Amino acid sequence: MGNMIFNQRVLDGDTDAAKKYNFEDYNKTNHSETNIHMERRIFPQHMYGGPKGLGDPHYRELSKMEEDPMLPQRMRDITRTQICTSEVEEFSNCSRDNGFTMIYYCRDARNKMIDCQKGWFDRPEFQEAVKEEYLNERSHFRQTGIKTKRYQRGAFIKRDTEADPPLDKDGNYRPQKPVGWDESYPDGPPAWANFKYN
C-alpha cells in the first residue's frame, strides 16, 4: 500500500476502473499505457543524478547537515591533527603526566591549544579551504565513484605532512587531494574544481 503514493494514478485522483491495479491477481500484468508507474523522488535531482547515479558533481551547494555539524567537526580535526600539532601534543603530555590534577596544572597548555584552533577557525580563508576540500571530495565521488576516507573507526585519518604539506608558502591551508585524483583527471582538473592542486 505504501508504494501507491508514488503512483501517478493515485496522485491525479483518477477513479477510472480500467486504469486501476488489480491487487487480487498478482500474476496479471497491471501495467498499461494509461497506468504506467511514475517514479516520484523525495530528494532533489542533484542528489541522485550524475554520471554514476550518485549525485550531480557540478552541484556545489551544502546541505544544512554538511554546513553545521560536519564542516566545523572537520575543521576541528584538521587543526588538531595537521596544524596545531605542537600545542595539542603539549596539552596531551601535560594531561598524561598530571592525571586528574590536569584541570589545574594544564590550563596554560589548554589555553594555547584552544587559541591556536580558534585562530584558524576565525579565518575565512581556512573555512573556504576546508569547504572546498569537502566539495572536491564529494564531487569527485559523484563523478568517479571513488570515495575518499577521512575517518577510520571514528578517528580522523592523519595527513602525510611530508609528502602533502597542509600549509602553502603563504601559511594558508591547502585542501587535501582526494584519492585517485591524478588518475581520474589526467588532462587537468575537472570544470567543477576551483582549487588547483599542482
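These numbers were taken from a predicted model, which means no experiment stands behind them.
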Exercise. Would you mind reporting whether K177 and D182 have side-chain heavy atoms less than 4.5 Å apart?
Key: yes
Quiz item: Within the side chain of N172, is there an N or O that forms a donor-acceptor pair under 3.5 Å with the backbone of D168?
Solution: no
Self-check item: Note: K118-D122 ion pair, threshold 4.0 Å (strictly below)
Solution: yes
Quiz prompt | Inter-residue atom distance L135.CG - E128.CD, 0.5 Å rounding | solution = 9.0 Å
Quiz prompt | ring-ring contact (aromatic ring centres under 6.0 Å, His included): pairs with one or both residues in residues 62-84, sequence neighbours excluded | solution = none
Practice problem: Quick one: closest heavy-atom pair of S139 and P57, and the distance? | Solution: OG-O, 2.7 Å
Practice problem: Keeping the roles fixed (side chain from E133, backbone from Q176), state whether a donor-acceptor pair exists under 3.5 Å. | Solution: yes
Practice problem: Please examine the side chains of P190 and Q143, heavy atoms only from C-beta on, and report whether any two atoms are closer than 4.5 Å. | Solution: no
Quiz item: Can you name the nearest heavy-atom pair linking T101 to N98, along with the distance?
Solution: OG1-O, 2.5 Å
Exercise. Quick one: do M70 and M65 satisfy side chain to side chain contact (heavy atoms under 4.5 Å, CB included)? Show the steps, please.
Key: CA-CA 7 Å; M70 201 197 70; M65 193 67 178; 5.9 Å; no
Quiz item: Which pair of non-hydrogen atoms, one from L54 and one from G145, has the smallest distance, and what is that distance?
Solution: CD1-CA, 3.9 Å
Quiz item: Under 4.5 Å between side-chain heavy atoms, hopping through other hydrophobics if needed: is there a path connecting I83 to M113?
Solution: no
Self-check item: Under 3.5 Å donor-acceptor, T79 side chain and R76 backbone
Solution: yes
Practice problem: Drop me the distance from C84's SG to D115's CG, to the nearest 0.5 angstrom. | Solution: 9.5 Å
Quiz item: When you measure from the side chain of D160 to the backbone N and O of D164, does any donor-acceptor pair fall under 3.5 Å?
Solution: no
Quiz item: Out of curiosity, does Y134 fall in the hydrophobic cluster containing V179 (side-chain heavy atoms, cut-off under 4.5 Å, transitive links)?
Solution: no
Quiz item: Does some side-chain heavy atom of P165 sit less than 4.5 Å from a side-chain heavy atom of R174?
Solution: yes
Quiz prompt | Pairs involving residues 63-104, ordered by first then second residue, that meet ring-ring contact (aromatic ring centres under 6.0 Å, His included) (sequence neighbours left out) | solution = none
Exercise. Find the distance between OG (S95) and CZ (R110) and round it off to the nearest 0.5 Å.
Key: 10.0 Å
Self-check item: Pairwise side-chain contact, R60 with N194, heavy-atom cut-off 4.5 Å (strictly under)
Solution: yes
Quiz item: Are F195 and L167 connected, step by step, through hydrophobic side chains (Ile, Leu, Val, Met, Phe, Trp, Tyr) whose heavy atoms are closer than 4.5 Å?
Solution: no
Self-check item: G119 to R123 - nearest heavy-atom pair and separation
Solution: O-CG, 3.4 Å
Quiz item: Does any non-hydrogen side-chain atom of K196 lie less than 4.5 Å from one of P189?
Solution: yes
Quiz item: Could you give the distance from CZ (R150) to CD1 (I78), rounded to the nearest 0.5 Å?
Solution: 8.0 Å
Quiz item: Taking side chain as C-beta onward, heavy atoms only, is H140 less than 4.5 Å from Y185?
Solution: yes
Quiz item: Taking all atoms of both residues into account, what is the closest heavy-atom pair of P166 and R159, and its distance?
Solution: CA-NH1, 3.6 Å
Quiz item: Would you call T148 and W181 a side-chain contact if the rule is heavy atoms closer than 4.5 Å?
Solution: no
Exercise. Tell me, with the steps shown, if Q73 and Y151 meet side chain to side chain contact (heavy atoms under 4.5 Å, CB included).
Key: CA-CA 11 Å; Q73 177 63 43; Y151 292 89; 3.9 Å; yes
Quiz item: Counting only N and O atoms by type, is there a donor-acceptor contact under 3.5 Å from the side chain of R80 to the main-chain atoms of V88?
Solution: no
Quiz item: With sequence neighbours left out, which residue pairs that include part of residues 111-132 fulfil the ring-ring contact (aromatic ring centres under 6.0 Å, His included) condition?
Solution: W120-F126, F126-Y173
Practice problem: Kindly indicate, with the supporting measurements, whether the criterion side chain to side chain contact (heavy atoms under 4.5 Å, CB included) is fulfilled by Q82 and F156. | Solution: CA-CA 11 Å; Q82 298 173 21; F156 193 72; 3.7 Å; yes
Quiz item: Does R96 come within less than 4.0 Å of E89, counting only side-chain N to carboxylate O?
Solution: no
Quiz item: Hey, what do you get for NZ (K158) to CD (Q152), rounding to the nearest 0.5 Å?
Solution: 14.0 Å
Practice problem: Please report the closest heavy-atom contact between S184 and I146, naming both atoms and the distance. | Solution: OG-CD1, 3.7 Å
Self-check item: Verdict with supporting geometry, R138 and R142, side chain to side chain contact (heavy atoms under 4.5 Å, CB included)
Solution: CA-CA 6 Å; R138 188 182 74 180; R142 289 177 172 182; 3.9 Å; yes
Self-check item: Separation of K112 NZ from C106 SG (nearest 0.5 Å)
Solution: 11.5 Å
